[in-house]
Student: 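Okay, handing you the structure first.
Just so it is clear, the structure is predicted and the values come from calculations on it, not from any experiment. Note that these values count all heavy atoms, side chains included, but never hydrogens, waters or copies made by symmetry. First the proteins, then the strands, lettered A, B, ... as listed; each starts at 1.
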2 protein chains.
Amino acid sequence: MLKGHLDAIVLAALEGGPAHGYAIIETIRRGSTDTFDLPEGTVYPALHRLEEAGLLSSAWMVPPGGRRRRMYSLTKAGSAALADRRKAWGRFSHAVDALLGGGRAWPA
Amino acid sequence: MLKGHLDAIVLAALEGGPAHGYAIIETIRRGSTDTFDLPEGTVYPALHRLEEAGLLSSAWMVPPGGRRRRMYSLTKAGSAALADRRKAWGRFSHAVDALLGGGRAWPA
DNA sequence: TTCCATACCTAGTGATACTAGGTATGGAAG
DNA sequence: CTTCCATACCTAGTATCACTAGGTATGGAA
């Protein structure tokens, strides 16, 4: 389970430039050292949701003698949303760290 | 949204000793500097779920001239589960940090 | 020509956290 | 004494989410 942070992760994967679904999955897998090996059924609906929300835009690419691909790019709203998500992640992970003993929590 | 880490947080809140629902909510709120101000409708069902799973045990306390309280304690399985959840959180947050640029991700 | 990797898609499922209610009691305020 | 608030518990229903389990199609390798 990606626990609500999938959107941030997908947006971040597109920060380096446009990419298509399959490549995004690879980027996330390698970027997380195989921790997140996301099934397509997770990523494609997320991409559609993010596009619907105006955070991504897409266009079909059909390279001559190649498979069709839907290329996704961050919109301006998408970049802004990513910045927000990053801040939210910072707050969230900081709070969980505090509660789980990232700072210190267990009695000596 | 607590994004799947609620169980770990609740278990951790009980690591210091038995407590009742209301107190657990307070512990989490203060321990997270108000980041997690959980509604009762989130915490009580979670406590029931964790007890059902054998990770917590509970007993009614009726102090003379006081309100009844259901006190929860970590079971042995609960302590073990907490250790697992902590490890899982470490892996998870490390991977998200890597993807979001905790290490470095944005182009210069 | 057969098969695998690529590349896309969606309907349905299970879990989760939350909303929005409800009950009851002890103590303080009036 | 009664009214109100904080404490303390509870649950049914809901929205969302990530995932399972399918399906389609094509290019290149065997």
Student: If I take atom CG in residue B:Leu47 and atom C1' in nucleotide D:dT11, what distance separates them, rounded to the nearest angstrom?
Tutor: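 After rounding, the reported distance stands at 14 Å.
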
Student: Without decimals, in angstroms, what is the distance between B:His5 NE2 and C:dC18 P?
Tutor: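 It is 13 Å, rounded to the nearest whole Å.
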
Student: Could you please name the partner base of C:dA11, counting Watson-Crick and G-U wobble pairs only when both distances are under 3.5 Å?
Tutor: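 Its partner is D:dT20 (Watson-Crick or G-U wobble, both distances under 3.5 Å).
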
Student: In whole angstroms, how far is the P atom of C:dT10 from the CD atom of A:Glu51?
Tutor: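 Rounded to the whole Å, the gap is 11 Å.
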
Student: For D:dT11, does either OP1 or OP2 sit under 4.0 Å from a side-chain N or O belonging to B:His48?
Tutor: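 Yes, such a contact exists.
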
Student: When you check the phosphate oxygens OP1 and OP2 of C:dT6, does a side-chain N or O of A:Arg68 lie under 4.0 Å from one of them?
Tutor: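 No, no such contact exists.
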
Student: Run the salt-bridge test on A:Arg49 and A:Glu52 with the 4.0 Å N-O cut-off and return the result as yes or no.
Tutor: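 Not counted as a salt bridge, because no side-chain N and carboxylate O are separated by less than 4.0 Å.
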
Student: Would you kindly give the CZ-to-P distance between B:Phe36 and C:dA17, to the nearest whole Å?
Tutor: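 Between P of C:dA17 and CZ of B:Phe36: 11 Å.
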
Student: Assess the residue pair B:Ile28 and B:Val10 against the criterion (side chain to side chain contact (heavy atoms under 4.5 Å, CB included)); give the C-alpha distance rounded to whole Å, side-chain angles, the decisive distance to 0.1 Å, and a yes or no.
Tutor: CA-CA 8 Å; B:Ile28 292 172; B:Val10 169; 4.3 Å; yes

Student: Counting side-chain heavy atoms from CB outward, which of C:dT6, C:dG26, C:dA17 is closest to B:Leu6?
Tutor: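 So the side chain of B:Leu6 is nearest to C:dA17.
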
Student: For A:Arg69 and C:dA7, is the shortest distance between a side-chain N/O and OP1 or OP2 below 4.0 Å?
Tutor: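 Result: yes.
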
Student: Just the rounded figure in Å: distance from P of C:dT16 to CD1 of B:Ile9.
Tutor: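 In whole Å, C:dT16 P and B:Ile9 CD1 are 14 Å from each other.
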
Student: Find the distance between CG (A:Leu55) and NZ (A:Lys76) and round it off to the nearest 0.5 Å.
Tutor: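 Between A:Leu55 CG and A:Lys76 NZ, I get 14.5 Å after rounding to 0.5 Å.
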
Student: Among the nucleotides D:dA8, C:dC18, C:dT6, which one has an atom lying closest to any side-chain atom of B:Pro39?
Tutor: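 Looking only at heavy atoms from C-beta outward on B:Pro39, the closest nucleotide is C:dC18.
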
Student: Take the protein atom OH of A:Tyr72 and the nucleotide atom C1' of C:dA7, then report the distance between them rounded to whole Å.
Tutor: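 Between C1' of C:dA7 and OH of A:Tyr72: 11 Å.
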
Student: With sugar-phosphate meaning primed atoms plus P, OP1 and OP2, does A:Gly21 contact a base, only sugar-phosphate, or nothing at under 4.0 Å between heavy atoms?
Tutor: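 Touches sugar-phosphate only.
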
Student: Parallel, tilted or perpendicular: which fits the ring planes of A:Phe92 and A:His5, with parallel below 30° and perpendicular above 60°?
Tutor: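 Tilted.
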
Student: Is it the case that over 12 heavy atoms from other parts of the model lie below 6.0 angstrom from the NE2 atom of A:His94?
Tutor: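 No - once you tally the heavy atoms of other residues, nucleotides and ligands closer than 6.0 Å, there are 12 at most.
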
Student: Considering heavy-atom distances to DNA chain C, does A:Glu40 or B:Asp7 have its closest nucleotide positioned more toward the 5' end?
Tutor: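 Result: A:Glu40.
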
Student: In the structure shown, which nucleotide is the Watson-Crick or G-U wobble counterpart of D:dA29, with both distances under 3.5 Å?
Tutor: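 Base partner found: C:dT2.
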
Student: Side chain of A:Arg67, heavy atoms from C-beta onward: which of D:dA8, D:dC10, D:dG27 has the nearest atom to it?
Tutor: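 The listed nucleotide nearest to A:Arg67's side chain is D:dG27.
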
Student: Starting at atom CZ of B:Arg49, determine the distance to atom C1' of C:dG14, rounded to an integer number of angstrom.
Tutor: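 My rounded result for the distance is 13 Å.
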
Student: Just the rounded figure in Å: distance from C1' of D:dA6 to CD of B:Glu26.
Tutor: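 Those two atoms, CD and C1', are 12 Å apart.
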
Student: Between C:dA7, D:dA8, D:dC10, which nucleotide gets closest to the side-chain atoms of B:Trp60?
Tutor: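 Shortest atom-to-atom distance from the side chain points to D:dC10.
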
Student: Counting side-chain heavy atoms from CB outward, which of D:dC19, D:dC9, C:dT10 is closest to A:Tyr44?
Tutor: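 So the side chain of A:Tyr44 is nearest to C:dT10.
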
